[in-house]
Amino acid sequence: MEQQKRYGHFDDQHREYVITDPQTPWPWINYLGNEDFFSLISNTAGGYSFYKDAKFRRITRYRYNNVPMDNGGRYFYIKDGDTVWNPGWKPCKTPLDFYECRHGMSYTRITGKKNGVEASVLFFVPLKKWCEVQKLTLKNESNEVKNLKLFSFEEWCLWNAATDMENFQRNFSTGEVEIEGSTIYHKTEYRERRNHYAFYHVNAPIQGFDTDRETFVGLYNEFADPQAVMEGKPRNSHAHGWSPIASHYIEVALKPGESKDFVFLLGYIENEQDEKFEAPQVINKKKAHALIAELDTTEKVDKAFAELCALWDNLLNIYKVRTGNDKLDRMVNIWNQYQCMVTFNFSRSASFFESGVGRGMGFRDSNQDLVGFVHQIPPRARQRIIDIASTQFPDGGCYHQYQPLTKRGNNDIGGGFNDDPCWLIFGTVAYIKETGDFSILDEMVPFDNQPGTEVTLFEHLKISMNHVINNLGPHLLPLIGRADWNDCLNLNCFSWDPNESFQTTENVSEGTKAESLMIAGLFVVTGKDYVALCRKLGKDDEAERMQKAVDAMIAAVKKDGWDGEWYLRAYDFYGRKIGSNENDEAKIFIESQGWCTMAEIGAEDGMVAKSLDSCKKYLECEHGMVLNNPAFSKYIYEYGEISSYPEGYKENAGIFCHNNPWVIIGETLAGRGNDAWSHYAKILPSYVEEKYQTLHKVEPYVNCQMVAGKDAFKPGEGKNSWLTGTAAWMWYTVSEFILGIKPDYDGIRIDPCLPETATDYTVSRKFREAEYEITIHPNGSQKGVKSIVLDGKPVDGTVIPYSAGKHVVDVTM
Ligand code: BGC
């Protein structure tokens, strides 16, 4: 393996990842914002901002897959004599005397030093405010007076991120701005249907500005050498059409030792239709002035920042472990939970691999994401469940995606992903177990957002189950539809036309026979949950009915879903096996091993143990478990997109971190703690960060969706970081199945599954109105709780019954 260089390290005390070299192997990013206003920011300050929807309400422009990579962002240019530099090194790339980027919980601080001047910028989105704060502190660390010329820079996006990048015949004529004091307003299309504008403000007098990109940069210059900056002269340009930007120019004199703060604000405002203008052609700036006034001093900004930090203190205080293993503790207590929150906020829409224009929120994705944050913000989980269920159809099917701004199902992609309905049960059960709030089941929820169609949420769960039962194939296994969890296993697509989308093409939809073992396992897992829920609600007939369906599914899997050493993956359109020893390639797949072992199908016959052993034998490699093995070496018309990927990448035998936890949970249910742990540690970012930053390439503090598998050209290389179901599944796995603290309807179930080497550990868990301090003594055992003592009294079984207040729990294994 090539010599591995390090680019940064964890700072657990501050809950930060500290990047010390700006030339990371890939932009290492962070997310700002928690509710409405969001930003992405790289370690060199690249990225962009948007309001709620990365496609329809993009505030600043960004060009993906650019040359160089990650160009465009919020830039501060400092001209000190003949030297021009940026605190984040880019875009000028002037060598710095010091560079550091600290990515923290919803904030990023970038510091650069050059020739005796320190420039430090704190970026964050204050709670409940629609703006990004950029607090720039300039400090003169030299012995002489410094006369600096400071230029800020943001480039406006013309709101719709998709058309912004294509419809130039219109775009180049629509751009409009206003300038008032130290504030530059962007008001493109405000004259017509838009009731919103953006602004970029600084809390200091400015000595000039620019709002026209070409005037500022120069048509033959670049972000690295904008002509206004290089010459130290703003042009005071007023954009009419073309590409509006916002740049302030400030002359800063600093005595030796002196430092000055500047608060820059990138804000977003909406006005009522009849209050849009204060004079003909002049936008109503009242709300902008008010927002600016809330953040126009260092003190106000520091207070807003302290509020943000306090929020994270609270969020991360709900589940806290102390194992003595820093690498585990920092992932559980900080980064895994943080990634879950980011994934909740963004679903799969905006990362440095998701352009923000491609897709909305996934039905299955959002339900899975829920288990990652439901303990932190239950009311938002509740709302999310209702939003998701509102996109369901009366037959239980559902839109595969919906748009966050409108909450409407996305017609471009439609429905027909037959695993989707089951996930609603998964998400809802997780919510009720965390909160004890059964009332959500009585909420009236429409179909396809059509007023007048409302039925209870419980009814939605019922039709979700029914959707599977009503769509069984010849082996009485669930029909797969367009695809199941594996969006790329398109068994009813049959496409030879490269212009067709694998996921929406249904060339052979009549009489489809393709069946999925993944859905079979998922149905059994969620079906058992549904039965237990019905029993809890006293709906015994419904529980009976569904128990029968679950039993029938188990029987079908045992009869036609077992290949001898592992579970089959599917039957294709013609009823031929997929994921069988009989196949030339892709003899075994991870998804059905994960779900059928989680469902414990055939455990009594040794099927679970055999399946788990086969995962170790055929799927596992140095970097985790691959999705299928061996990889497909050619395109298979009957299988669709999965076989379109080169070997070892994505769904064709990549290590899909998302589904490794399924097998890990299977291992924990089987009591195999050593194996569970070794699979888990392989994809745990803190272990990977220690081993190989260069090879892994993407951020070492979060999971990525996929790591190149053993058949790939470069096994171990990560891709698609941040927005992945991996976050929630890693969290669910470690918090509930490895460390063993599992919310249940009536209390907390304690059932860890650990490696033999595990030593005593303590979990502090806030749960509803209670706070538990739970100490576990593993005593070298992998599984099996011997005794639980709650507040000094022994407890029968493994559930500590819920009661409000503070409790001490002692668990011996
Ligand atoms: C999608 C998931 C899907 C997975 C596997 C991800 O990109 O967000 O919905 O299950 O890929 O295809």
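When a ligand or atom number is given, it counts from 1 through the structure's own listing order.
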Of Trp729, Trp423, Trp485, the one forming a side chain to side chain donor-acceptor pair (under 3.5 Å) with Gln368 is Trp729
Nearest-contact summary for [atom] - protein heavy atom, Å:
atom: atom 3 (C) of ligand 1; result: Trp485 O, 3.2 Å
atom: atom 8 (O) of ligand 1; result: Asp365 OD2, 3.0 Å
atom: atom 7 (O) of ligand 1; result: Gln705 NE2, 2.8 Å
atom: atom 5 (C) of ligand 1; result: Glu651 OE2, 3.2 Å

*asked:* Hydrogens and angles aside, do Glu591 and Trp662 bring a side-chain donor and acceptor to less than 3.5 Å of each other?
replied: no
- Is there a heavy atom in Lys650 that sits closer than 4.0 Å to ligand 1? no
Under 4.0 Å from a heavy atom of Asn486: give me the atoms of ligand 1 that qualify, with their elements.
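Near Asn486, the atoms of ligand 1 are 12 (O).
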Measuring from atom NZ of Lys528 to atom CE of Met598, what distance do you get when rounded to the nearest 0.5 angstrom?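 Answer rounded to 0.5 Å: 11.0 Å.
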For the atom pair OH (Tyr64) and CG (Asp70), what is the distance rounded to the nearest 0.5 Å?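 Answer for the OH-CG pair, Tyr64 versus Asp70, is 10.0 Å.
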query: With sequence neighbours left out, what residues match Arg57 under side-chain hydrogen bond (donor to acceptor under 3.5 Å, both in side chains)?
result: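 Counting only residues at least two positions away or on another chain, Arg57 forms a side-chain hydrogen bond (donor to acceptor under 3.5 Å, both in side chains) with His196, Tyr268.
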